[in-house]
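Just so you know, these numbers use all the heavy atoms, side chains as well, and skip hydrogens, waters and symmetry mates.
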Amino acid sequence: MPGPSPGLRRALLGLWAALGLGLFGLSAVSQEPFWADLQPRVAFVERGGSLWLNCSTNCPRPERGGLETSLRRNGTQRGLRWLARQLVDIREPETQPVCFFRCARRTLQARGLIRTFQRPDRVELMQLPPWQPVGENFTLSCRVPGAGPRASLTLTLLRGAQELIRRSFAGEPPRARGAVLTATVLARREDHGANFSCRAELDLRPHGLGLFENSSAPRELRTFSLSPDSPRLTTPRFLEVGSERPVSCTLDRLFPATEARVYLALGDQNLSPDVTLDGDALVATATATASAEQEGARQLVCNVTLGGENRETRENVTIYSFPAPLLTLSEPSISEGHMVTVTCAAGAQALVTLEGVAAAAPGQPVQLQLNATENDDRRSFFCNATLDVDGETLIKNRSAELRLVITPRPLYWSWTWPEGPEQTLRCEARGNPEPSVHCARSDGGAVLALGLLGPVTRALSGTYRCKAANDQGEVVKDVTLTVEYAPALDSVGCPERITWVEGTEASLVCVAHGVPPPDVSCERSGELGVFLEGLLLVAPEHAGTYRCEATNARGSAAKNVIITVEYGPRFEEPNCPSNWTWVEGSGRLFSCEVDGKPQPSVECVGSGGATEGVLLPLAPPGPSPRVPSIPSDLAPGTYICNATNRHGSAAKTVIVSAESPPEMDESTCPSHQTWLEGAEAAALACAARGRPSPGVHCSREGTPWPEQQRVSREDAGTYHCVATNAHGTDSRTVTVGVEYRPVVAELAASPPGGVRPGGNFTLTCRAEAWPPAQISWRAPPGALNIGLSSNNSTLSVAGAMGSHGGEYECAATNAHGRHARRITVRVAGPWLWVAVGGAAGGAALLAAGAGLAFYVQSTACKKGEYNVQEAESSGEAVCLNGAGGGAGGAAGAEGGPEAAGGAAESPTEGEVFAIQLTSA
């Protein structure tokens with residue numbers, strides 16, 4: 001016996017669990033309410049499937065219980081407080097079973113919910129139209145019967161793998177089953193051959209089940225586009241019986257052209273065309289053959305079918321019968337003097353014409369009779385037939401040739417053949433049958449290879465004896481052969497270069513070879529219509545290049561001929577001037593170009609004076625690879641220039657003058673110049689050499705020379721002087737220095753206002769002068785221990801005494817004068833100090849005076865010269881050892897000018913010692 005099913009096992013398990021809970025809660029029966037339970041409460045079952053339901057209660061002793069449902073049952077199992085029942089073949093979309101128990105005089109209930117689902121086993125895409133016009137809408141309809149619930153269903157319409165539309169049916173009633181999805185789609189060219197399908201998806205994953213999918217079988221769509229225009233027929237209007245003519249049918253703008261079907265027929269005859277495709281165009285070609293059964297008016301039909309639609313064109317074709325006319329000769333070959341009958345006939349509807357004579361009516365023949373003469377040999381007769389077909393006149397003709405039996409007769413007394421490469425030599429003679437011709441030179445020489453391929457050369461020219469023979473006899477004649485050839489110009493008959501001499505008579509003769517004799521003309525190159533003809537008196541203008549052309553019937557030849565006209569030397573003023581100026585340093589030579597052919601040689605020789613016999617250097621004519629020697633000096637004067645070539649000589653007098661550009665140097669314009677302040681203003685000493693004499697202009701930094709009468713210090717600076725004449729300029733930079741007399745601009749004491757005995761003081765003297773002034777001092781008598789700076793501008797005293805008090809003088813001296821200023825220094829203190837200092841000073845002064853006298857007498861002023869100036873009036877003598885240390889007479893007023901004194905050389909240390917001697 002088989003064991004319980006899995007559903008039953010689950011139901012029993014639930015039941016045991018419920019019983020356990022019930023036993024556990026027996027003690028609490030009085031406290032807890034009783035209930036009924038149904039498991040599973042909610043279930044999804046595939047349509048037609050089965051399900052076990054477990055109905056239980058916690059009532060200790062239920063009176064009765066059961067499971068109410070409309071579904072079919074297959075088995076039931078019971079316990080005290082549970083019931084398990086299997087439901088089978090569940091087909092209802094939704095049902096609600098009820099579990100109930102009777103306990104303590106009340107009914108306990110539990111409701112469940114069973115829903116069925118059905119997989120999308122059938123997905124149907126409705127049939128598509130067999131052909132769908134491009135640009136029109138068609139309907140896609142997808143049907144999924146029975147699948148559900150519909151709320152879990154999604155339908156998708158696809159073009160290949162591309163989704164066109166997707167729809168979910170969420171929100172539909174739970175009992176709804178099956179679904180339909182419809183869409184309108186615009187047909188496109190690219191949809192041709194595309195597969196359309198429908199995909200159904202039943203998504204039960206939210207209910208603990210899976211995703212169920214299925215797709216319809218694909219359906220192929222065929223789209224088409226057919227032009228509204230009719231096909232174009234190309235066909236002849238007329239077709240002769242037994243003839244073949246091509247016909248074609250063309251239609252554009254159809255898609256897909258490969259699916260089009262073409263029917264092409266002439267009357268009832270299917271022409272089975274060949275179809276050629278070119279993109280969206282179709283061309284059907286066939287050959288139409290007319291038969292006698294089709295004679296008359298027929299229709300050529302072209303029908304193009306695509307997608308159930310068709311386009312058709314019809315054209316009328318007339319089929320006719322028109323045999324060629326018959327032309328007969330009564331005797332195709334006769335002798336001269338015999339009668340010949342010529343007959344021209346055609347079909348019943350045709351009108352014939354023989355040699356311009358028409359028949360009386362259509363269908364009737366025309367005849368012509370003639371007495372044959374020599375001129376009728378090989379005469380052609382023409383028979384024309386005309387037929388009217390549907391308003392058009394058709395023409396056919398036939399010809400025949402009459403041959404006479406004639407003895408041979410030569411056709412030519414002379415031949416003219418063109419020279420050339422391989423060609424067939426022919427010589428014809430009249431006769432019937434056609435005569436054979438044999439030609440050889442009269443002297444028994446060469447034989448002409450008639451009828452054979454060979455070259456024709458000038459050597460073949462001459463007289464030949466020719467014999468023509470046939471069955472009727474033979475004839476012999478002398479024939480002259482002329483070989484014609486194109487002109488040729490060679491260097492003998494037409495030289496490339498010709499030289500004429502001016503004043504002689506000459507003509508341009510150019511002989512050409514050719515047969516027939518060529519005509520020769522010579523035209524000046526670049527000048528149409530200018531020809532050299534006849535005898536000319538040669539002039540230079542005849543020189544140039546001429547194009548000589550020889551022409552005959554066989555061609556032409558051309559050649560350039562250069563004519564050179566030679567003549568004696570000629571001087572022309574622009575090219576060899578009568579007056580020439582040589583500019584020194586310009587590097588230019590005298591240019592004397594002389595006209596003449598051949599080019600004359602030129603020499604210029606001095607005539608008279610300093611230039612007698614002197615050669616004047618000349619510039620080479622035209623560009624020359626040799627650099628001529630440029631003279632550094634050239635003697636001006638008169639020169640005679642002689643030009644010579646093989647046709648004569650010529651002379652010309654040339655006057656040469658010499659000039660030079662400006663030149664300034666240190667001797668004419670010194671680069672450093674000195675002025676004295678207060679002197680009369682004058683121009684810079686700056687001159688220049690040159691011919692013509694240059695003008696010199698000087699300016700200071702672009703400023704013109706100022707108009708002033710006296711020199712001032714502001715005139716010092718840098719000046720730019722420019723010398724100018726017709727041949728150029730020269731310039732120099734000149735530095736001007738302005739010298740001036742000395743002035744003591746400042747004389748000051750430090751500290752000012754006096755000094756106490758034993759104190760220090762300093763005197764400072766500043767002078768303005770150029771060249772710089774030499775400073776010298778004069779101190780009060782008895783002033784000792786005086787110190788001077790290196791340039792004597794500062795006098796300093798350390799430990800001043802009463803003897804240092806008094807008047808000090810500072811003098812500035814240079815080459816242009818002397819200037820002095822004085823300052824008084826006061827040494828003041830207490831009377832006691834003055835008295836003591838006076839006594840001590842007196843003793844010291846006596847000692848110093850005695851020492852100084854000894855020093856002066858013994859050393860004679862070793863550091864310089866000892867000068868006594870104006871001792872008689874001033875009683876003072878000064879020993880000066882310093883630069884420019886002149887000693888003068890009595891001092892003037894403070895700051896007043898002094899007369900210039902003698903200058904002495906400055907010692908190495910640059911110090912000045914001033915010693916004042918006072919008379920007793």
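Scanning both residues, R689 and S667, for their nearest heavy atoms gives NH1-OG, 3.8 Å. Of all non-hydrogen atoms in A773 and A812, the two that sit nearest each other are CB-CB, 3.8 Å.
From T813, atom OG1 reaches atom CZ of R741 across 13.0 Å, with rounding to the nearest 0.5 Å. Rounding to the nearest 0.5 angstrom, the gap separating the OG1 atom in T482 from the CD atom in E484 is 7.5 Å. A distance of 9.0 Å separates SG of C669 from CG of D730, quoted to the nearest 0.5 Å. Rounding to the nearest 0.5 Å places SG of C721 at 9.0 Å from NE2 of H697. Interatomic distance, NZ of K597 versus CZ of R570, reported as 11.5 Å (0.5 Å rounding). Here the CZ-CH2 distance, from F590 to W582, works out to 14.5 Å after rounding to the nearest 0.5 Å.
One finds no salt bridge joining E523 and R547 here, because no Lys/Arg side-chain nitrogen approaches an Asp/Glu carboxylate oxygen to under 4.0 Å. Ion pair E809/R818 flagged as a salt bridge, since at least one NZ, NE, NH1 or NH2 atom sits closer than 4.0 Å to an Asp/Glu carboxylate oxygen. The residues E572 and K652 are annotated as not salt-bridged, no charged nitrogen and carboxylate oxygen being separated by less than 4.0 angstrom. Salt-bridge annotation for R732 and E666: present, with a side-chain N of the basic residue lying under 4.0 Å from a carboxylate O of the acidic one. Salt-bridge annotation for R700 and D715: absent, with no side-chain N of the basic residue lying under 4.0 Å from a carboxylate O of the acidic one.
Residues Y719 and C686 fail the side-chain proximity criterion, which asks for heavy atoms closer than 4.5 Å. The side-chain heavy atoms of N642 and S649, taken from C-beta on, include no pair separated by under 4.5 Å. Contact check for C604 versus L618: side-chain heavy atoms found under the 4.5 Å cut-off.
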Checklist entry - Please walk me through it: do S461 and E419 pass side-chain contact (heavy atoms from CB on, under 4.5 Å)? => result CA-CA 10 Å; S461 298; E419 182 182 41; over 6 Å; no
Next on the checklist: Please evaluate residues S578 and E573 with respect to the criterion side chain to side chain donor-acceptor pair (under 3.5 Å), reporting the C-alpha separation (whole Å), side-chain torsions for both, the decisive distance (0.1 Å), and the verdict.
Outcome noted: CA-CA 7 Å; S578 300; E573 183 62 24; 2.9 Å; yes
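Among the candidates C641, P569, S601, the single residue satisfying the side-chain contact (heavy atoms from CB on, under 4.5 Å) test with V594 is P569.
For the residue pair E496 and S491, a side-chain donor N or O sits within less than 3.5 Å of a side-chain acceptor on the partner. In summary, the side chains of T729 and T724 do not present any donor paired with an acceptor at a separation below 3.5 Å, with no hydrogens or angles considered. Donor-acceptor pairing under 3.5 Å is recorded for the side chains of Y567 and D595.
In this structure, cysteines C592 and C576 have SG atoms closer than 2.5 angstrom. C810 has its SG atom within less than 2.5 Å of the SG atom of C765.
A distance-only check finds no donor-acceptor pair linking the side chain of S796 to the backbone of T762 [under 3.5 Å]. Of the possible donor and acceptor atoms, none in the side chain of T545 sits under 3.5 Å from a partner among the backbone N and O of S525.
The neighbour count for W770 CH2, taken as heavy atoms of other residues, nucleotides or ligands under 6.0 Å away, does not exceed 12.
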